[in-house]
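What follows is one structure encoded as structure tokens, with my remarks underneath.
Quick caveat: nothing in here was measured; it's all calculated off a predicted structure. Each residue takes its place number in the sequence, starting with 1.
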Amino acid sequence: DDLFPEDYMVRIPIPDNYVGQQHFFLSDDDDSEHTINIDDHETMVPAKAKKDTPIHQLSDSLKEAIRVFVLSTAVRSSRGQSKSHSTMLVNVTHLTALQDKVDEFIGEYLDEIKNAIDLTAGFNVSKAIERSLIISQLQGTFKRHYSNVSESFDQLFNLLKPCVFKIQNLAVHSSSSNGKSLDYGAYKENGLSVIVTGGHKLSRGLTLEGLTVSYFARNSKMYDTLMQMCRWFGYRPGYDDLCKLFITSESHEWYTFI
């Protein structure tokens, strides 16, 4: 305990426009508004899951994180960043079969959001909230996580449709067989908005452009997952206030310690 981490890590000065450890991990006495503790992830993927463990639904906290990502793309669009890359990371298991299943459910939930936004596109905000549970949930999510931004939900409502219909979902691992790959270069002109689900491959050097929202529910004591924190850090020009990290309380404690 008297060696790690202070004798193995050197903390270098960071510029003001860099999203680093202080953005997400403050101290034991202070909580960052950008970090959200989750406690329901095992309702989706149990801690001791096997490759044939059935997954029946997304956790409520992952649905909340997906709504945050949808809203973040709308805010970025209102700030003139509609053609920039935007990514959400989901890392809940190292088992590729379960990653594929989680990705499948994410796609289904995205379709639910798209349908709700499509069906209420001609309504004003108040009527849309009244008629649609998902629109009401989006407004609630905005109030909980983006109450400090200068934009309002009313301003963003008409931007939701083009933003959410642009979002793709993708499972990324060594045995991916769906014919899709994470290729930001193919979307240089209009930008790629994507929710990426994975495990080891996401922890080991794969570039994630415009990472805005991360959902991380893995054992934080393992080397690969400790290195995962590097994913969350970087330059986020014009949208650093939108970056959110959904994480277990145990992992939060370990990252704060480090």
Side-chain angles (χ1 to χ4, degrees), residues 18-19 45 55 58 62-63 65-114 117-118 159-218 224-225 227-240 242-246:
Y18 183 83
V19 172
V45 180
I55 295 178
L58 298 181
L62 180 49
K63 288 183 177 181
I66 292 170
R67 293 195 296 271
V68 168
F69 182 63
V70 169
L71 291 163
S72 74
T73 61
V75 176
R76 291 189 66 188
S77 179
S78 73
R79 296 177 181 180
Q81 298 183 2
S82 61
K83 295 185 177 181
S84 299
H85 298 312
S86 188
T87 305
M88 175 177 174
L89 175 154
V90 178
N91 192 335
V92 294
T93 176
H94 69 284
L95 299 168
T96 58
L98 300 192
Q99 291 168 19
D100 286 336
K101 194 63 180 177
V102 170
D103 174 63
E104 181 182 328
F105 277 113
I106 288 173
E108 291 177 2
Y109 187 58
L110 272 176
D111 286 341
E112 288 182 37
I113 297 176
K114 290 173 182 178
I117 291 174
D118 197 28
L159 295 174
L160 288 175
K161 183 172 182 178
C163 289
V164 75
F165 274 85
K166 186 180 177 181
I167 297 174
Q168 304 179 34
N169 61 287
L170 175 67
V172 176
H173 49 72
S174 57
S175 58
S176 295
S177 59
N178 54 14
K180 297 162 64 178
S181 62
L182 187 62
D183 183 6
Y184 292 99
Y187 296 85
K188 285 183 178 179
E189 186 175 344
N190 294 307
L192 174 63
S193 292
V194 61
I195 300 175
V196 182
T197 302
H200 293 317
K201 196 167 183 179
L202 291 185
S203 303
R204 295 174 174 170
L206 191 67
T207 299
L208 299 176
E209 301 284 354
L211 181 61
T212 310
V213 178
S214 297
Y215 187 94
F216 185 75
R218 293 280 300 279
D224 273 348
T225 53
M227 292 301 293
Q228 181 74 44
M229 77 169 78
C230 298
R231 284 270 175 244
W232 307 319
F233 304 159
Y235 292 94
R236 306 287 188 260
Y239 64 102
D240 59 327
L242 306 178
C243 295
K244 301 290 182 180
L245 170 61
F246 289 75

- [ ] Calculate, to the nearest 0.5 Å, the distance between atoms SG and CZ belonging to C243 and F233 respectively.
- [x] 11.5 Å
TODO: Check step by step if side chain to side chain contact (heavy atoms under 4.5 Å, CB included) holds for D118 and K161.
DONE: CA-CA 7 Å; D118 197 28; K161 183 172 182 178; 2.7 Å; yes
- [ ] Return the minimal non-hydrogen interatomic distance between G234 and Y18, and the atom names on each side.
- [x] CA-CE1, 3.4 Å
- [ ] Could you check V68 against F246 for side chain to side chain contact (heavy atoms under 4.5 Å, CB included), going step by step and ending with a plain yes or no?
- [x] CA-CA 10 Å; V68 168; F246 289 75; 3.9 Å; yes
- [ ] Using ring pair (Phe, Tyr, Trp, His ring centres under 6.0 Å) as the criterion, list what pairs up with F165, not counting sequence neighbours.
- [x] none
Open item on the list: Tell me every residue that passes salt bridge (charged side-chain N to carboxylate O under 4.0 Å, His left out) with E104, counting only those two or more places apart in sequence or in another chain.
Closed with: K101
TODO: Might you point out which heavy atoms bring Q81 and P237 nearest each other, and give the distance in Å?
DONE: NE2-O, 3.1 Å
TODO: Determine, stepwise, if the pair V196 / D103 fulfils side chain to side chain contact (heavy atoms under 4.5 Å, CB included).
DONE: CA-CA 8 Å; V196 182; D103 174 63; over 6 Å; no
Open item on the list: Restricting to non-hydrogen atoms, name the atom on G198 and the atom on N91 that form the minimum distance, rounded to 0.1 Å.
Closed with: O-OD1, 3.4 Å
Task: Check: K166 side chain, N190 main-chain N or O, donor-acceptor pair, under 3.5 Å - done: yes
Open item on the list: Taking the side chain as everything from C-beta on, heavy atoms only, tell me whether L211 gets closer than 4.5 Å to R236.
Closed with: yes
Open item on the list: If I compare all heavy atoms of I106 with all of T197, which pair ends up nearest, and what's the gap?
Closed with: CD1-OG1, 3.3 Å
TODO: Taking all heavy atoms of Y239 and all of G210, pick out the closest pair and write down the distance.
DONE: OH-CA, 3.3 Å
Open item on the list: In the structure I gave you, are the side-chain heavy atoms of I117 and K114 within less than 4.5 Å of one another anywhere?
Closed with: no
Open item on the list: Under the rule for salt bridge (charged side-chain N to carboxylate O under 4.0 Å, His left out), what residues qualify as partners of R67, not counting sequence neighbours?
Closed with: E64
TODO: Search all heavy atoms of S77 against all heavy atoms of L159 and return the closest pair with its distance.
DONE: OG-CD2, 4.2 Å
- [ ] With sequence neighbours left out, write down each residue that passes ring pair (Phe, Tyr, Trp, His ring centres under 6.0 Å) with Y215, or none if nothing qualifies.
- [x] none
- [ ] Quick one: list whatever passes ring pair (Phe, Tyr, Trp, His ring centres under 6.0 Å) with Y184, sequence neighbours left out.
- [x] H85
Open item on the list: For the backbone of G191 and the side chain of S193, can you confirm whether one donor and one acceptor N or O come within less than 3.5 Å of each other?
Closed with: no
Open item on the list: Tell me every residue that passes side-chain hydrogen bond (donor to acceptor under 3.5 Å, both in side chains) with D111, counting only those two or more places apart in sequence or in another chain.
Closed with: none
- [ ] Mind checking the CZ-CG spacing from F105 to N169? Nearest 0.5 Å is all I need.
- [x] 12.5 Å
Task: Qualifying residue for side chain to side chain contact (heavy atoms under 4.5 Å, CB included) with L208, from V172, L182, V194 - done: L182
Open item on the list: Applying side chain to side chain contact (heavy atoms under 4.5 Å, CB included) to E112 and I66, what does each step give before you reach the verdict?
Closed with: CA-CA 12 Å; E112 288 182 37; I66 292 170; over 6 Å; no
TODO: Supply the atom-to-atom distance L110 CG to I167 CD1, rounded to the nearest 0.5 angstrom.
DONE: 6.0 Å
- [ ] Could you tell me the separation between the OG1 atom of T73 and the CE atom of M88, rounded to the nearest 0.5 Å?
- [x] 11.5 Å
Task: E209 and Y187: side chain donor to acceptor below 3.5 Å - done: no
